[in-house]
Every structure is written in C-alpha cells, then in structure tokens.
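Here is the structure we will look at, set down as structure tokens.
Here is the naming used below: chain letters follow the sequence lines, and residue numbers restart at 1 for every chain.
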Number of protein chains: 2
Amino acid sequence: MQRVFEALSSVVRRKILAYLAHADMTAGEIAARFEISKPAVSQHLTVLENAGLVTSEKRGQFVHYRLVPDHLANTLHAYAQEVCPVSKPLKAESARIAAKRKS
Amino acid sequence: MQRVFEALSSVVRRKILAYLAHADMTAGEIAARFEISKPAVSQHLTVLENAGLVTSEKRGQFVHYRLVPDHLANTLHAYAQEVCPVSKPLKAESARIAAKRKS
DNA sequence: TCAGTGATTAAGTTATGTCTTAAATACTAA
DNA sequence: TTAGTATTTAAGACATAACTTAATCACTGA
C-alpha cells in the first residue's frame with residue numbers, strides 16, 4: 001500500500017504505467033520516451049516493480065516490462081473504500097455498467 | 001492530480017484523511033493523534049489542502065478541517081480509468097450495487 | 001489589558017528522492 | 001574471442017521533503 005502510493009507520487013512513473021497500459025515494452029523502449037537517462041528510468045522501473053505494479057521478464061538481451069493491472073486497481077479501490085465508503089464516482093460507474101447490462 | 005498523488009504518498013497524510021473520513025476535526029485534535037510536532041502536522045494539513053483533499057474553516061480560536069471526499073474519489077477513479085480502463089474491482093463493486101438495486 | 005490557548009510561520013537541520021556519469025553484467029553475433 | 005548492444009549497479013551531487021524549536025498571530029476570558 002505504502003509502496004504503491006509512493007510509486008504513484010512520481011509523474012514519470014505514472015507515465016510509465018500509462019504506456020504499459022497500452023502495450024508491454026522493453027526497458028529501452030520506455031527510456032526512449034523520456035528525456036532522462038536510462039539509469040534513471042531503470043530506477044523508476046525498480047520502484048514500480050517493488051510496488052508490485054509491474055513485472056519484468058528477461059528475454060535474451062532485452063527486459064520486457066508489463067503492467068499488473070489488478071494490483072493498481074485493487075489498491076486504489078481499497079483505499080477509496082477506506083476513506084469514502086460509498087464514493088460517488090464508483091456509484092456513477094456502477095450505474096453506467098448496470099445500464100449496459102440491461103440493454 | 002500531481003498534488004493529490006503527492007499528498008497520498010505520505011503515511012501521516014493518509015492517516016489524517018482516514019480520521020477526517022469519520023469526523024471533522026480541529027488541527028489540535030488531529031495533531032494529538034500523532035507523535036510528531038504540531039507544526040509538522042500543520043504542514044501536512046497544508047499539503048492536503050493544497051491538493052484539494054481537505055478544507056479548513058476557522059471558528060473562533062479553532063481551525064476545523066474536513067474531508068472533500070469527492071475530490072479524492074474522482075481523482076483516483078479518473079486515474080484508474082486511465083491506466084486500466086475496465087478494472088476488475090470497479091466492475092465487482094458495480095455488480096454488487098446493481099444486485100442491491102434489483103432487490 | 002494581559003495571560004493563556006490554538007494554530008501557523010520562520011529558520012534551520014536531517015533525511016530522502018532523483019538525477020547524472022562511469023563502470024559492470026549479460027547477451028548477441030561477427 | 002571480441003566488439004557492440006541492452007540493462008543495471010554504483011557512487012556521488014543536488015533538490016526537495018519532513019521534522020524540530022522558537023517566534024508570531026489570533027482569539028478568549030479574567
């Protein structure tokens with residue numbers, strides 16, 4: 001929990017998660033999308049991995065990173081529940097999905 | 001957005017939000033629940049207020065703080081949508097509420 | 001007006017985060 | 001084996017966050 005919120009506190013790391021939400025990427029592909037150095041990006045990836053938000057897999061020369069979407073969603077949802085038990089956005093989302101199911 | 005996630009990255013600040021989720025409190029009442037100094041707590045409250053997560057109101061000698069629950073829920077939800085468009089926990093929550101409405 | 005209380009501001013220290021460059025590791029292919 | 005590429009580790013600089021104590025501001029009530 002602490003590690004997840006710590007990880008999310010950085011703009012760079014949130015951008016990395018956004019990239020990985022669309023497609024798995026190698027460390028190099030991710031680094032290429034930022035102005036900072038590769039080691040800096042590598043450190044950000046380590047933070048994300050320690051938070052359980054991404055996983056990595058070495059394939060030959062490359063290290064492929066991918067999102068662990070459930071972990072992020074679960075953590076955010078758990079915290080939202082804790083602080084605002086019946087939050088409006090969740091209810092709105094629910095209504096939308098419920099409406100879809102009816103049709 | 002950045003300010004919200006920055007605010008949430010601190011254990012103390014998340015605890016403050018949890019306290020305020022149950023009841024409005026004065027700065028002193030909040031500070032009494034932590035081991036750190038009052039000025040330190042005051043600074044944390046400023047961070048939370050700058051993030052739009054809480055508001056304060058001075059009544060006489062006291063400053064009352066209260067949660068702005070929608071802001072937190074909206075931000076978390078917006079971000080969850082961005083990274084995992086149709087996240088499982090939200091769907092689970094939706095299903096639960098939808099079920100309630102049927103009965 | 002003055003002493004006391006609640007809260008914040010100011011100033012300075014310490015801890016932590018984030019970045020850089022240089023070096024090391026691991027793999028690929030000539 | 002050697003050169004080249006992908007990535008991480010190491011070490012250190014710099015900026016920012018978080019905390020402390022002391023001082024200040026604002027309000028209350030004698």
Side-chain angles (χ1 to χ4, degrees), chain A residues 1-20 22-68 72 75 79, chain B residues 1-20 22-68 72 75 79:
Chain A
M1 180 80 159
Q2 169 57 19
R3 284 185 181 171
V4 169
F5 279 111
E6 218 169 273
L8 293 177
S9 71
S10 151
V11 185
V12 171
R13 289 193 290 266
R14 289 203 305 281
K15 277 189 186 169
I16 291 175
L17 289 179
Y19 280 128
L20 292 180
H22 293 94
D24 297 359
M25 295 168 77
T26 67
E29 288 171 336
I30 295 168
R33 283 160 173 80
F34 295 91
E35 304 263 298
I36 59 179
S37 68
K38 282 184 180 191
V41 172
S42 186
Q43 283 165 16
H44 283 300
L45 287 168
T46 300
V47 172
L48 289 171
E49 191 157 23
N50 287 339
L53 294 170
V54 306
T55 55
S56 63
E57 187 190 349
K58 184 156 193 176
R59 276 184 245 153
Q61 214 168 355
F62 301 87
V63 178
H64 294 257
Y65 282 87
R66 67 181 167 77
L67 199 66
V68 182
L72 177 60
T75 303
Y79 185 66
Chain B
M1 180 82 160
Q2 171 55 23
R3 284 185 182 171
V4 169
F5 279 111
E6 217 170 275
L8 293 177
S9 71
S10 150
V11 184
V12 171
R13 289 192 291 264
R14 288 204 306 281
K15 276 189 186 170
I16 291 176
L17 290 179
Y19 280 128
L20 293 179
H22 291 95
D24 297 359
M25 295 168 75
T26 67
E29 288 172 335
I30 296 167
R33 283 160 173 80
F34 294 90
E35 303 263 299
I36 58 179
S37 68
K38 282 186 178 188
V41 172
S42 187
Q43 284 164 17
H44 282 301
L45 287 168
T46 300
V47 171
L48 289 170
E49 190 158 24
N50 287 338
L53 293 170
V54 307
T55 55
S56 63
E57 188 190 350
K58 182 157 194 177
R59 276 184 245 152
Q61 215 169 352
F62 300 85
V63 177
H64 294 256
Y65 281 88
R66 68 183 166 77
L67 198 67
V68 182
L72 177 60
T75 303
Y79 185 67

Distance-only donor-acceptor pairs under 3.5 Å for side chains of residues 34-42 of chain B, two or more places apart:
unit_1	atom_1	unit_2	atom_2	d
B:Ser37	OG	B:Ala40	N	3.4

- Message: Please classify the nucleic acid contact of B:Phe34 as base, sugar-phosphate, or nothing, using heavy-atom distances under 4.0 Å.
- Response: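 The residue B:Phe34 makes no contact with any strand.
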- Message: Below the 4.0 Å mark, does C:dT8 have OP1 or OP2 next to a side-chain nitrogen or oxygen of B:Tyr65?
- Response: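 Checking B:Tyr65 against C:dT8: at least one side-chain N or O falls below 4.0 Å of OP1 or OP2.
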For the atom pair [atom1] ([X]) and [atom2] ([Y]), what is the distance rounded to the nearest 0.5 Å?
X       : Y       : atom1 : atom2 : answer
A:Arg33 : A:Met25 : CZ    : CE    : 3.5 Å
A:Thr26 : A:Tyr65 : OG1   : OH    : 10.0 Å
A:Leu45 : A:Gln43 : CG    : CD    : 10.0 Å
A:Ile30 : A:Asp24 : CD1   : CG    : 9.0 Å

- Message: Among residues 26-33 of chain A, which ones have heavy-atom contacts with DNA chain D below 4.0 Å?
- Response: A:Thr26, A:Ala27, A:Gly28
With a 3.5 Å cut-off and sequence neighbours excluded, list the donor-acceptor pairs that the side chains of residues 6-13 of chain A form with protein atoms.
unit_1	atom_1	unit_2	atom_2	d
A:Glu6	OE1	A:Gln2	NE2	2.7
A:Ser9	OG	A:Glu6	O	2.7
A:Ser10	OG	A:Val12	N	3.3
A:Ser10	OG	A:Arg13	N	3.1
A:Arg13	NE	A:Ala7	O	2.8
A:Arg13	NH1	A:His44	ND1	3.0
A:Arg13	NH2	A:Glu6	O	3.2

Rounded interatomic separation in angstrom, taking [atom1] from [X] and [atom2] from [N]:
X       : N      : atom1 : atom2 : value
A:Leu48 : C:dT18 : CG    : C1'   : 14 Å
A:Gln2  : C:dT16 : CD    : P     : 12 Å
A:Glu49 : D:dT7  : CD    : C1'   : 13 Å
A:Phe62 : D:dT5  : CZ    : P     : 11 Å
B:Glu57 : C:dT8  : CD    : P     : 14 Å

- Set of residues satisfying side chain to side chain contact (heavy atoms under 4.5 Å, CB included) with respect to A:Arg3, sequence neighbours excluded: A:Ala51
Between the protein and nucleotides 18-22 of chain D, which nitrogen or oxygen pairs are less than 3.5 angstrom apart?
unit_1	atom_1	unit_2	atom_2	d
D:dA18	OP1	B:Arg13	NH2	3.4
D:dA18	OP2	B:Arg13	NH1	3.3
D:dC19	OP2	B:His44	NE2	2.4
D:dT20	OP2	B:Ser37	N	2.7
D:dT20	OP2	B:Ser37	OG	2.7

- side chain to side chain contact (heavy atoms under 4.5 Å, CB included) between B:Thr46 and B:Asn50, worked out: CA-CA 6 Å; B:Thr46 300; B:Asn50 287 338; 3.6 Å; yes
- Message: Give me each pair satisfying side-chain hydrogen bond (donor to acceptor under 3.5 Å, both in side chains) with a member in residues 51-63 of chain A, each pair once, sequence neighbours excluded.
- Response: A:Glu49-A:Ser56
- ring pair (Phe, Tyr, Trp, His ring centres under 6.0 Å) involving B:Tyr79 - partner list, sequence neighbours excluded: B:Phe5
Considering only nitrogen or oxygen atoms on both sides, find all protein atoms under 3.5 Å from nucleotides 25-27 of chain C and state each distance.
unit_1	atom_1	unit_2	atom_2	d
C:dA26	O3'	A:Lys58	NZ	3.4

- Query: Going through the checks in order, is the side chain to side chain contact (heavy atoms under 4.5 Å, CB included) test met by A:Leu20 and A:Leu53?
  - Reply: CA-CA 10 Å; A:Leu20 292 180; A:Leu53 294 170; over 6 Å; no
